[in-house]
Amino acid sequence: MFIDEEAAHCLLCADAPCSKACKNGDPARAIRAVRFGNAQLAGQWVSQCNDEELAAAEAACIHYDRPIRIRELVRSLPTTDVSPDEADVDLSIDFCGLHCENPFFLASSAVCTNYEMVARAFDAGWAGVFYKTICMDEIREVSPRFDAVPREGSKGDFTSFRNMEQLSENPVEEDFAILHRLKQDYPQKIVIASIMGKTEEEWIELGKMAEQAGVDAIELNFSCPQMRLTGMGSDVGQNAELVLFYTSYVKRSVSIPVIPKMTPNITRISRPALAAFHANADAISAINTIKSVTMDERAAVNGQQTISGLSGRSVKPIALRHILEMASYPLMKKMPYSGIGGIETWRDALEFIQLGCRNVQVCTAVMQYGYRIIDDLLLGMRHYLHDRGVAHVAELVGERLPNFVRPSDLDRDTMVLPRIDQEQCIGCGRCYISCHDGGHQAITLDTDRHPHINGRRCVGCHLCRLVCPTGAINMANRIPKLKK
């Protein structure tokens, strides 16, 4: 708990002074490993550091209230687990007949708008790119164009990110020249052009230009939530007939894979997805950002605000729901999926893969933390596979789909009671308050502030477990429900 809280306090500095002050280690890299889900491996970057070095690193820490307690954090790290050798597991995976060195791609967005950006990402270890969407229209962006919902108690970190950015501002010919150069210079990487047209002719022309540029595949952007013209973006994605027609037009015009990108701004995503399937789409990307409103006046454009797209870690459950809905549809079970939405750590990526995705696309986390997060995405996924004894990441694709059933099919005859660890409990009474005012009045506090569960009143909802700030409430065994 301490190391997670301390790592969350770190500013994740560029060219971190703490590591510069430490001759025999890299505290910044260790903290970043903790931050992105690899605490059990973080010790390897500080194992050779002595107290004097760590004290110097702590003194060099850039901070806005207090320095990171680097010495205490290092002492609290788990016993260093050796990183698995790359030969032990295989993170490569096939997607639409394309061999990808790993499942991690840049999403079509501000993180990939020119050659230099994508080249740096490729050099860092990203397997591929869905390049920022290309269209025939002149794109003129607003300022400011971003807003965020901050994480409580933090500065510079947010749970949700809202953007009003549209498509590539580059001339069409320039973007396709960039894609051609990228594929020439990085033939082992996967370069995918994202395109958006308004008419049949534009979709076909852009598709042909993409193929002529030598890209590996084409993504059809049917989902941008902030296009200023009708008949573009999510207007298309909400119309299954248009998805069918435009996908068919491009499919008949090119020989490389075609990947429609779905909008979440719809009641049933399976309808346009099924239309894409019948148009012989090679795969499906999902989801694009969610239409939303934030109220910060600093995000206004000359005093005016608008609806635009929300992304970031808070949208992940919604994105997973849409992937599940498509991947569970009988005709769509074998469709390759590219998962998007709230992916920040390797665990986030794993969840998309386990629901049927063969790769994942990352945008907001890169905008927050940079391309460097690929280090921990690869490290964590490799270590997870090694620990499970799984040789290939492809073996995980869709493995959790059978666990999902309709609500009516869930077991309603048994229950799991919560169990309180009194030694770990600090007596705050949060569980008591929540159960008393939002649950079933099944928890009491004794005179010493120890909570106790009344098994006859408890229904096993586990609200208490979720609100406990110390993790002192766990789960007991599943038992038959008491008869009333």
Side-chain angles (χ1 to χ4, degrees), residues 1-84 86 102 104 106 111 117 120-126 148 150-151 153-159 161 312-313 343-349 362-384:
M1 181 70 74
F2 166 76
I3 60 174
D4 291 331
E5 291 176 353
E6 200 66 14
H9 192 71
C10 176
L11 300 182
L12 298 175
C13 300
D15 198 19
C18 65
S19 288
K20 285 187 171 184
C22 195
K23 295 181 180 179
N24 296 305
D26 190 347
R29 181 67 186 91
I31 292 171
R32 182 152 52 92
V34 175
R35 185 78 165 262
F36 293 101
N38 289 312
Q40 74 276 25
L41 300 170
Q44 62 186 291
W45 287 285
V46 287
S47 60
Q48 302 301 314
C49 298
N50 58 43
D51 282 347
E52 184 178 347
E53 286 180 288
L54 294 175
E58 199 167 301
C61 175
I62 295 176
H63 56 278
Y64 58 84
D65 57 352
R66 65 167 178 81
I68 302 300
R69 291 170 285 186
I70 294 176
R71 286 170 290 179
E72 189 174 350
L73 187 151
V74 169
R75 287 192 291 267
S76 301
L77 288 174
T79 302
T80 302
D81 198 345
V82 178
S83 297
E86 290 191 23
N102 63 63
F104 302 112
L106 297 179
V111 303
M117 293 180 77
R120 282 192 288 110
F122 284 169
D123 290 338
W126 293 85
R151 185 169 64 86
S154 73
K155 297 178 181 178
D157 192 11
F158 42 81
T159 59
F161 180 75
R313 67 190 75 159
I343 297 166
E344 187 170 294
T345 71
W346 65 267
R347 289 192 182 93
D348 300 325
V362 184
C363 167
T364 304
V366 170
M367 296 181 78
Q368 285 184 273
Y369 309 115
Y371 299 132
R372 59 186 174 171
I373 65 172
I374 188 62
D375 295 339
D376 279 292
L377 291 171
L378 295 172
L379 178 67
M381 190 68 75
R382 190 175 290 120
H383 189 257
Y384 174 80

I'd like to know whether R347 forms a side-chain contact (heavy atoms from CB on, under 4.5 Å) with Y384, so could you lay out the CA-CA distance, the side-chain angles of the two residues, the decisive distance to 0.1 Å, and finally the verdict. CA-CA 9 Å; R347 289 192 182 93; Y384 174 80; over 6 Å; no
Do the non-hydrogen side-chain atoms of E72 and F2 ever get within less than 4.5 Å of each other? yes
Counterpart residues, side-chain contact (heavy atoms from CB on, under 4.5 Å), relative to A121 (two or more places apart): L106, W126, Y371
State the CG-CZ distance between L54 and R69, to the nearest 0.5 angstrom. 15.0 Å
Heavy atoms of I3 and L73 approach each other most closely as CG2-O, 3.9 Å
Test item: V362 and D348 side chains (from C-beta on) under 4.5 Å apart, heavy atoms: no
Measuring from atom CG of L377 to atom CZ of F104, what distance do you get when rounded to the nearest 0.5 angstrom? 4.5 Å
Which value, rounded to the nearest 0.5 Å, describes the distance between C18 atom SG and I68 atom CD1? 9.0 Å
Output for pair (I31 CD1, D26 CG), nearest 0.5 Å, gives 9.5 Å
Looking at T345, D157, T159, which hits side chain to side chain donor-acceptor pair (under 3.5 Å) with R313? D157
With sequence neighbours excluded, residues passing side-chain hydrogen bond (donor to acceptor under 3.5 Å, both in side chains) with D123: Y186
Partners meeting ring pair (Phe, Tyr, Trp, His ring centres under 6.0 Å) with Y369 (sequence neighbours left out): F36
Qualifying residues under side-chain hydrogen bond (donor to acceptor under 3.5 Å, both in side chains), relative to K20, sequence neighbours excluded: D15
For the atom pair CG (N50) and CD (Q48), what is the distance rounded to the nearest 0.5 Å? 10.0 Å
Closest contact, heavy atoms only, P17 versus C13: CD-CB, 4.3 Å
Sequence neighbours excluded - side chain to side chain donor-acceptor pair (under 3.5 Å) pairs with any residue from residues 27-36: R29-D376
Check G25 against C49 and note the closest heavy-atom contact, atom names and distance. CA-SG, 3.4 Å
For the pair N38 (side chain) and W346 (backbone), establish whether a donor and an acceptor sit closer than 3.5 Å, ignoring hydrogens and angles. no
I need the L378 CG to I373 CD1 distance, nearest 0.5 Å. 10.5 Å
Heavy-atom pair with the smallest gap, counting every atom of D375 and A124: OD1-O, 4.2 Å
Exactly one of E53, E6, E58, E52 clears salt bridge (Lys or Arg N to Asp or Glu O under 4.0 Å) with R71, and that residue is E58
Restricting to side-chain hydrogen bond (donor to acceptor under 3.5 Å, both in side chains), what partner residues turn up for D65, sequence neighbours left out? H9
Considering all heavy atoms of both residues, which atom of P27 and which atom of A57 are nearest to each other, and what is their separation? CG-CB, 4.1 Å
Looking only at non-hydrogen atoms, find the nearest pair between L12 and R372 and report the distance. O-NH2, 2.7 Å
